[in-house]
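Every chain is numbered from 1 and lettered A, B, ... according to where its sequence line falls, protein lines coming before strand lines. Since we're looking at a predicted model, the values are computed, not measured.
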Amino acid sequence: MTKQKNDTPVCEGKGAGQPAVDQVEQRRRKRDTLRELGVEPYGQRFENVQAVADVREAVKAVEFEPGKRTEHRARVAGRIALLRLMGKLAFVTIRDRSGKIQLGLSRADLGDSWPVLKQLDLGDIVGAEGVLGKTRTGELTVWVDRLTVLSKAVRPPPEKWHGLTDVDLRYRRRYVDLFSNPEVLAVFQQRSAIIGAIRASLVGEGYYEVDTPVLQPIYGGAAARPFTTHHNTLDMKLYMRISPELYLKRLLVGGMERVFEISRNFRNEGISTKHNPEFTMVELYEAYADYNVMMERVEQMVAAAYDVSTLKALPDRTELLEREKERIGTDQDEAAASAYAEAEHLAAYQTAREGVVAGRRMVVFNGTVLDVTPPWSRRKYADLLLEYAGVAMGDEAAVLAKAKELGIETGGKDHAVVVNTLFEATVERQLIQPTFVYDYPAAICPLTRRHPDDPSVALRFEAFVAGMELGNAYTELNDPEEQSANFKRQVAGEGDETMAVMDDDFLTALEYGMPPAGGLGVGIDRLVMVLTDSASIRDVILFPLQRSTAATDG
RNA sequence: GGGGGUGUAGCUCAGUGGUAGAGCAACGGCCUUUUAAGCCGUGGGCCCUGGGUUCGAGUCCCAGCACCCUCACCA
């Protein structure tokens with residue numbers, strides 16, 4: 001749909017009289033008029049700009065007399081969100097990264113610059129300087145004496161109240177989504193803060209941040225199909241990494257005893273609200289630790305991430321929903337069920353807010369209240385399987401019977417694989433509150449040390465939140481013989497954890513001696529989803545993969 | 001891959017087989033403290049694409065394309 005419409009150039013005039021001119025053409029004309037007025041429509045550096053939020057903060061304590069101006073000056077810049085021209089006076093609301101502020105412009109103040117105003121449109125970027133005041137209605141206003149055009153937008157922005165809602169277009173033109181939907185911008189600002197907090201948290205524990213290859217001759221560390229590519233000069237087949245694991249462990253061998261990487265991984269698998277072909281993990285390894293330490297690291301990182309994001313987000317989102325509810329209330333035939341759902345959602349926010357007041361770290365995700373305050377619940381894999389599937393992990397007959405009952409394919413599959421499929425089908429979606437599930441069937445954990453008291457299980461845990469896998473961790477296997485044997489089984493295609501090629505160099509590294517260690521990967525995108533109440537992974541990835549690249553136009 | 005849904009003006013959306021609609025945005029006019037500003041007027045459409053049924057299709061049928069939800073698959 002986008003292609004067809006946007007390729008249409010200027011609308012042709014129908015019938016007699018004036019030719020019909022589309023909005024882009026109108027704006028181009030205004031751009032030209034600006035040049036005729038001696039105003040360059042694409043400005044340059046605009047110095048000493050204050051963020052709108054900083055302007056507000058600076059005069060927080062000032063007592064304004066409504067209708068009067070003060071001596072406080074402000075210099076701001078942003079995109080025009082609202083434009084109201086009234087004869088010799090205009091109000092222009094601009095938005096920058098930190099918020100909105102109103103500009104007041106009068107012909108008396110602007111003098112010769114006044115005609116410039118008529119050439120401005122919604123979506124243009126302007127700079128303005130003037131004195132602060134409040135209108136009779138109490139709105140903080142910059143009474144502009146100098147107006148600078150910084151960028152003329154020749155395309156009109158989306159409708160000002162609803163913004164851009166077409167999901168496809170929002171992802172394809174994320175830049176429009178970002179400037180027209182402030183809550184989207186807020187999500188990505190929080191994402192930035194969350195990654196910063198995780199980084200700071202690990203650096204504070206003495207971790208080194210490293211970068212390991214994205215282009216790998218041998219892929220490993222996870223069971224997923226890779227994207228393949230080719231290097232021309234070396235005439236070499238390469239894979240985009242599916243995991244940084246095997247490289248980070250080499251660094252443990254090298255003596256970097258605490259390392260982490262914020263790693264973009266690429267998996268050539270299905271796309272869903274929880275899966276994007278490229279996604280971000282923080283993966284870390286800590287010598288002399290084990291998976292119990294890794295549980296603490298998860299709790300610590302999530303707490304750090306929470307502290308920089310949700311405390312701010314909670315009231316904002318509540319306000320947003322209240323506004324939404326109000327809007328629905330005014331639309332007469334809007335489904336009452338929808339309003340009810342919103343009310344339920346608000347109730348969840350209320351509960352979360354009360355929890356926060358009581359000192360808990362609580363969020364609302366998809367309408368469910370989650371408490372991510374450490375410590376999280378720790379549950380043994382086998383116990384959960386017994387509880388939700390009603391079968392003992394070691395009881396092959398019972399596991400098979402239950403799997404068949406649920407329509408799970410079992411033919412020719414390893415017992416551990418059947419067990420895990422059963423686990424995924426019965427247990428995972430029940431794990432709403434943050435939970436560490438530990439001691440997985442050993443056969444599905446080729447990189448994990450086995451339990452010293454029970455070799456059928458491995459020292460691995462996965463972290464679940466809202467029925468979604470958030471992280472995965474092991475007490476790392478550092479025995480090269482055992483690792484070699486596990487790899488051989490994988491290459492042979494056993495246990496559903498296949499590997500294309502043996503990574504001999506990794507085994508060589510282990511033979512030099514890798515310290516015992518705990519290792520952990522946490523899905524950043526999913527964590528951001530939970531902390532920003534985003535229902536789809538595409539809402540926390542700036543440019544999620546979309547079909548068809550032909551949609552761009554001039 | 002299965003099931004369900006959506007696709008109409010720049011944006012958000014109505015539309016009952018019979019000449020294509022609203023709000024916002026745009027254009028013209030009035031207006032010096034407005035609040036999603038208002039009032040008067042004007043322009044703007046390959047109704048996703050391709051077939052079919054029909055005297056007549058935005059509407060009904062079939063196929064396709066794109067997106068969303070869901071199930072399946074998926075460390």
Within the 4.0 Å heavy-atom criterion, would you say [X] contacts the bases, only the backbone, or no part of the nucleic acid?
{"X": "A:Arg267", "answer": "sugar-phosphate"}
{"X": "A:Gly521", "answer": "nothing"}
{"X": "A:Ser180", "answer": "nothing"}
{"X": "A:Tyr440", "answer": "nothing"}

Does a distance-only test, which skips hydrogens and angles, find a donor-acceptor pair under 3.5 Å between the side chain of A:Thr141 and the base of B:U33? no

If the threshold is 4.0 Å, N to carboxylate O, is there a salt bridge linking A:Asp439 and A:Arg378? no

Selected nucleotide, minimal atom distance to [X] side chain, candidates [options]:
{"X": "A:Thr135", "options": "B:C67, B:U70, B:U33", "answer": "B:U33"}
{"X": "A:Asp166", "options": "B:C74, B:A66, B:U12", "answer": "B:U12"}
{"X": "A:Pro158", "options": "B:A66, B:C11, B:A37", "answer": "B:C11"}
{"X": "A:Thr273", "options": "B:U70, B:A26, B:U32", "answer": "B:U70"}

Which residue is it: A:Phe461, A:Phe436, A:Phe423, A:Phe464? I am looking for the one with a ring-ring contact (aromatic ring centres under 6.0 Å, His included) to A:Tyr381. A:Phe423

Under 3.5 Å, N/O pairs linking protein and nucleotides 1-6 of chain B:
none

Pull out every protein N or O sitting under 3.5 Å from an N or O of nucleotides 21-25 of chain B, one pair per line with the distance.
residue, atom, partner, partner atom, Å
B:A25, OP1, A:Lys160, NZ, 2.7
B:A25, O2', A:Gln23, OE1, 3.2
B:A25, N3, A:Gln23, NE2, 2.9

How many whole angstroms separate atom [atom1] of [X] from atom [atom2] of [N]?
{"X": "A:Glu278", "N": "B:C74", "atom1": "CD", "atom2": "C1'", "answer": "17 Å"}
{"X": "A:Leu169", "N": "B:C68", "atom1": "CG", "atom2": "P", "answer": "12 Å"}
{"X": "A:Trp143", "N": "B:U34", "atom1": "CH2", "atom2": "P", "answer": "9 Å"}
{"X": "A:Arg170", "N": "B:C11", "atom1": "CZ", "atom2": "P", "answer": "15 Å"}
{"X": "A:Leu85", "N": "B:U35", "atom1": "CG", "atom2": "P", "answer": "15 Å"}
{"X": "A:Leu103", "N": "B:U34", "atom1": "CG", "atom2": "C1'", "answer": "13 Å"}
{"X": "A:Arg429", "N": "B:C74", "atom1": "CZ", "atom2": "P", "answer": "14 Å"}
{"X": "A:Ile537", "N": "B:C68", "atom1": "CD1", "atom2": "C1'", "answer": "16 Å"}

For [N] and [X] - does any side-chain N or O of the residue sit under 4.0 Å from the phosphate oxygens OP1/OP2?
{"X": "A:Thr137", "N": "B:U35", "value": "no"}
{"X": "A:Arg84", "N": "B:U34", "value": "no"}
{"X": "A:Arg538", "N": "B:C68", "value": "yes"}
{"X": "A:Lys30", "N": "B:C27", "value": "yes"}
{"X": "A:Thr93", "N": "B:U34", "value": "no"}

More than 12 foreign heavy atoms under 6.0 Å from CZ of A:Arg429: is that the case here? no

Suppose you measure atom C1' in B:G7 against the same atom in B:C46; what distance do you get, rounded to whole Å? 14 Å

I'd like the P distance from B:C47 over to B:G5, given in whole Å. 24 Å

If pairing means Watson-Crick or G-U wobble with both distances under 3.5 Å, then the partner of B:C11 is B:G23

In Watson-Crick or G-U wobble terms, both distances under 3.5 Å, what is the partner of B:A57? none

Please work out which of the three classes, parallel, tilted or perpendicular, describes the rings of A:Phe91 and A:Trp143, given edges at 30° and 60°. perpendicular

Hey, can you tell me if A:Phe64 and A:His72 have their rings parallel, tilted or perpendicular (30° and 60° cut-offs)?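 A:Phe64 and A:His72: tilted rings.
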
Between A:Lys88 and A:Thr165, which has a closest nucleotide on RNA chain B that is more 5'?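 By nearest-heavy-atom nucleotide position, the 5'-most residue is A:Thr165.
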
